[in-house]
K.L.:
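Could you have a look at this structure, given as C-alpha cells, before my questions?
In the text below, chain A, chain B and the rest are named by the order of the sequence lines, each starting its count at 1. The figures here come from the full heavy-atom set of this structure, side chains too, leaving out hydrogens, waters and symmetry mates.
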There are 2 protein chains.
Amino acid sequence: MTIKDVAIRAGVSVATVSKALNNYRDVSVETRARVRKIVREMGYRPNPIASTLVKKESSIIGFVLSSFQEKQRTSILTEWLSGLFTNIATLGYEVMILPVDTQIQRKKSFAQFIRDYHLAGVILQGLRIDDRYYVEAASSDTPRVLIDMVSDRPGVGSVMIDNEAASREAVSYFISRGHTRIAHVSGRADAWISATRVNGYRAALESVGIEFNPSYVVNGEFGEEPAFAAADALLHRCPEITAIFCASDVMAMGVMRAVRTHGLRIPDDVAIIGFDDVEWARMVTPPLTTVRQDFHGIGYEAARMLHRMISGTSPGSKLYVPHEFVIRESAG
Amino acid sequence: MTIKDVAIRAGVSVATVSKALNNYRDVSVETRARVRKIVREMGYRPNPIASTLVKKESSIIGFVLSSFQEKQRTSILTEWLSGLFTNIATLGYEVMILPVDTQIQRKKSFAQFIRDYHLAGVILQGLRIDDRYYVEAASSDTPRVLIDMVSDRPGVGSVMIDNEAASREAVSYFISRGHTRIAHVSGRADAWISATRVNGYRAALESVGIEFNPSYVVNGEFGEEPAFAAADALLHRCPEITAIFCASDVMAMGVMRAVRTHGLRIPDDVAIIGFDDVEWARMVTPPLTTVRQDFHGIGYEAARMLHRMISGTSPGSKLYVPHEFVIRESAG
DNA sequence: TTGTAAGCGTTATCAC
DNA sequence: GTGATAACGCTTACAA
C-alpha cells in the first residue's frame, strides 16, 4: 500500500495526501481530516526509505560505540541504550549502532556513513578523544552529542556527570575519615574523564592543604589487571598509603586484590573507593563505596538533547547529570 | 556525488556503472575494471537508500531487544552485540536496534517496521516465547534467528547453548560431591530456557536414581530479590537441602544472601551453583561455581547463521554453542 | 556488450 | 487549496 492508494481512496492527489500528512498549511482543514481518517482506516504508513531519499533526512539516529574494546564496561552500554530508548522511541526515531573498533576494518568511512543514511543525529561515546572516528564525526555538521567527552566546537552537545566534583567528594570523604596519604588509580590517559577525575582528586587534597604528590597517581588503564599491577607496584613503593581512590569499580577490584596480596585488610589498613557503581559493586566483599553514575539518565538526557538539536529547539550544550556518592564498607 | 558522475567520468551510462558494481555478467571485463577503478578514485559509494527503494532489500539487520526489562542481564546484551558485530560489520551489514518494551508504546507495529526498512534479516532475543513481537516476527518471512529460543516453524534459525546438558553437568557435580537433597531456583516460567534447565536438573537426579521432588523447585524470576524470597521460603520449608542449583548468577546472589540469613555457610552447609558466568561471578565471596555461556560466541554464530540465510547458502537451523562448567568455590 | 528509459514511493515546485 | 509533474539516486527490463 502506497500513498497512491490513499490518494485514490480519498479522491485527492498524492500531493495533497503528502501535504496533509506532513502538516503543510496549504491544505484545507476538512481534507486534512478526511485524509488522515482514511490513512488510519487503511493502516497506511509512509515509506521512510522513499521519504529519506527525497528529504535527505531520515529519522534514524546513530549510536557510535567504541567500547567493545572496553570489555570491562559491558553493562554500562546497556544502561545508556536503555535510557536512550525510553526517550527516543516515542519521538519516532530509530537507532542504528555504529561500531567503531580498530580491529574491525570498516569499508565505509564514518562520515560517509552518516551521509549515506542521512542520519538525523549522532550520539558518540568513545573514551578516546583523539579517535579517528570522533574527529570525523566532529567535523560533520550533523547534530551530535557526546557522552563522557566535551568538544571545543560550539553546538556540539555533551552530557556526563560532573566528574571533578564527584572525585572531590570521594576524596573528601577519605579526608573526613582522617586519611592524608591518599593515592589515585586513574584510567586511560587518552580518556577525557581521566584527567577530570585526577583534577578532582587533586583539588580535594589541596583544599585542605595536602600537597599533591604525583607519585601517588598511577594508571590502571580502566582494566582490572593493569589496576592490580599498578596498585601492587604502588604499595611496594609507597607502603605509607592508607587510602586509594579508583577511577572505576573494575579497577577497584584489581586494587582490592593487590591490597590483599600485600597482606593488608580493607578498609582497616587500606580504604578503597571506586567509581561507577556497577551492578555488582554492592555484591563484592567488602561492598564497594563508590560514586554512582546514572547511566540510564545520561542516555536519556543525551537523547533529549539530540532531539532538541535536531528539531532546532535549542543548540547543543553541556549538561551534567546528577551523581551520588554511595557509602558502603570498603572505605571505612 | 552520484552514480551519474561516475558514469560521465567513465564515459559510460549509469546502467553500466550499476551493472559493473553489482557484478552483472553482461559487462565486459575491461569496462568493469575501468569503472571500478574510477569508482575507487572518486571515492564513490552507492546511496543505500536509493538502492533499497528499488531493490526492496536493505543491508540492515534488526536486533530485537526485549531485555531492557531484564535489568539484571545488562552485560549479556553487550557481549551478544559484540559477537554480532565482529562477524557482521565485515559482511557489510548495518544493525538497527528494535527495542521491544511493553512500557514503550511503539506506534509502528513490529512487522510493519521490518517491511518499512526492508530489513535483510532479524535477530530476536526475548525470553518470553508468547511475546507479541515474537509472534509478529515469527509470522514474517524475513530471515530470522532466535537467541535462547526455538521455533516450531521450519527455516527459523536458533542459537543457544545446550541448556539441558549444561544443567545436567552442574547438578551432576553436586551429586559427585555427595549431595542428594538438591534444590533448583528456576527462572521465569515464560522463558524458553527455564523449562530446559529444569529438565536438565531433573534428568541429572533421575539418572542416579534420586527422585524428582517438585517442591524442591522454586521460581526466582531471574531476579535477585525474587530469588532471595524464593530461597528463603525454601530453606524454611525444606531445611534438609544441602545444595542449590540456580538458573542464573544474579539469582545465585539472592540465594546466597538467603542462605546466610539462615545462618548457614557457603559451601559447607549449602553449596551453590549459578548460571551464565557474568563478569562479576568470580569477584563475589565465595567465587561462584557456574556454567559459562559464551555470549560473544552466541552473537557471533547468530550473525553467521543469519548471513547464510540471507544469502541463501543454507536454511535456518538449530545450533548449540559450547558452554563450560566453571568450578570455583561456592559449590565446594 | 551497452544504453535508454521506466520505475521504486515519496516530497517539492509550480501552475491552475 | 489542489493537482500535475519533476526530482531523489538507484536498478532493471528491454532496445539497440
K.L.:
Find the distance A:Arg115:CZ to D:dC10:P and express it as a whole number of Å.
P.N.:
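Whole-Å distance recorded here is 13 Å.
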K.L.:
Side-chain contact test, heavy atoms from C-beta onward, threshold under 4.5 Å: evaluate it for A:Val64 versus A:Arg144 and give yes or no.
P.N.:
no
K.L.:
Any chance you could measure A:Arg45, atom CZ, to B:Phe113, atom CZ, to the nearest 0.5 Å?
P.N.:
10.5 Å
K.L.:
Give the rounded distance in Å between these two atoms: CZ of A:Arg32 and P of D:dG3.
P.N.:
14 Å
K.L.:
Is any side-chain heavy atom of B:Leu306 less than 4.5 Å from a side-chain heavy atom of B:Ile310?
P.N.:
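In short, these two side chains touch, coming nearer than 4.5 Å.
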K.L.:
Could you report the tightest heavy-atom contact between B:Arg9 and B:Met42, atom names first, then the distance?
P.N.:
NH1-CG, 3.0 Å
K.L.:
Under the ring pair (Phe, Tyr, Trp, His ring centres under 6.0 Å) rule, collect the residues that match up with A:His307, sequence neighbours excluded.
P.N.:
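Only A:Tyr93 meet the ring pair (Phe, Tyr, Trp, His ring centres under 6.0 Å) criterion with A:His307.
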K.L.:
Which whole-number value in Å describes the distance from B:Glu57 CD to D:dT11 P?
P.N.:
13 Å
K.L.:
Do B:Thr78 and B:Ser75 meet the criterion of a side-chain donor-acceptor pair at a distance under 3.5 Å?
P.N.:
no
K.L.:
Please pick, from C:dT11, D:dC8, D:dC10, the nucleotide with the shortest atom-to-atom distance to any side-chain atom of B:Ala50.
P.N.:
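Nearest nucleotide to the side chain: D:dC10.
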K.L.:
Over how many whole Å does the gap from B:Ile49 atom CD1 to C:dT10 atom P extend?
P.N.:
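Result: 14 Å.
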K.L.:
Expressed in angstrom and rounded to an integer, what is the separation of A:Ile3 atom CD1 from D:dG3 atom P?
P.N.:
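Atom CD1 in A:Ile3 sits about 12 Å away from atom P in D:dG3.
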K.L.:
State whether B:Lys4 places a side-chain N or O below 4.0 Å from either non-bridging phosphate oxygen (OP1 or OP2) of D:dC8.
P.N.:
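No, B:Lys4 has no side-chain N/O under 4.0 Å of OP1/OP2 on D:dC8.
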K.L.:
Rounded to whole Å, how long is the line connecting atom CG of A:Asn47 with atom C1' of C:dT11?
P.N.:
13 Å
K.L.:
Figure out the OH/P separation between B:Tyr117 and C:dG9, and round it to whole Å.
P.N.:
16 Å
K.L.:
Could you work out which one of D:dC8, C:dG9, C:dA12 sits closest to the side chain of A:Thr2?
P.N.:
C:dG9
K.L.:
What is the separation between atom CG on A:Leu53 and atom P on D:dC8, rounded to the nearest whole Å?
P.N.:
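The answer, rounded to whole Å, is 9 Å.
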K.L.:
Select base, sugar-phosphate, or nothing to describe what B:Thr31 touches, counting heavy atoms under 4.0 Å on all strands.
P.N.:
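If one applies the 4.0 Å heavy-atom cut-off, B:Thr31 turns out to touch the sugar-phosphate alone, with no base involved.
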K.L.:
Okay, side chain of A:Ser58, backbone of A:Tyr117: is any donor-acceptor separation there less than 3.5 Å?
P.N.:
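Between the backbone of A:Tyr117 and the side chain of A:Ser58 there is a qualifying donor-acceptor contact (under 3.5 Å).
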K.L.:
From C:dC8, C:dA12, D:dT11, pick the nucleotide closest to the side chain of A:Val54?
P.N.:
C:dA12
K.L.:
Is there a residue in residues 11-29 of chain B whose heavy atoms reach under 4.0 Å of DNA chain C, and which residues are they?
P.N.:
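Within this stretch, B:Gly11, B:Val12, B:Ser13, B:Ala15, B:Thr16, B:Lys19, B:Asp26, B:Val27, B:Ser28 sit under 4.0 Å of the strand.
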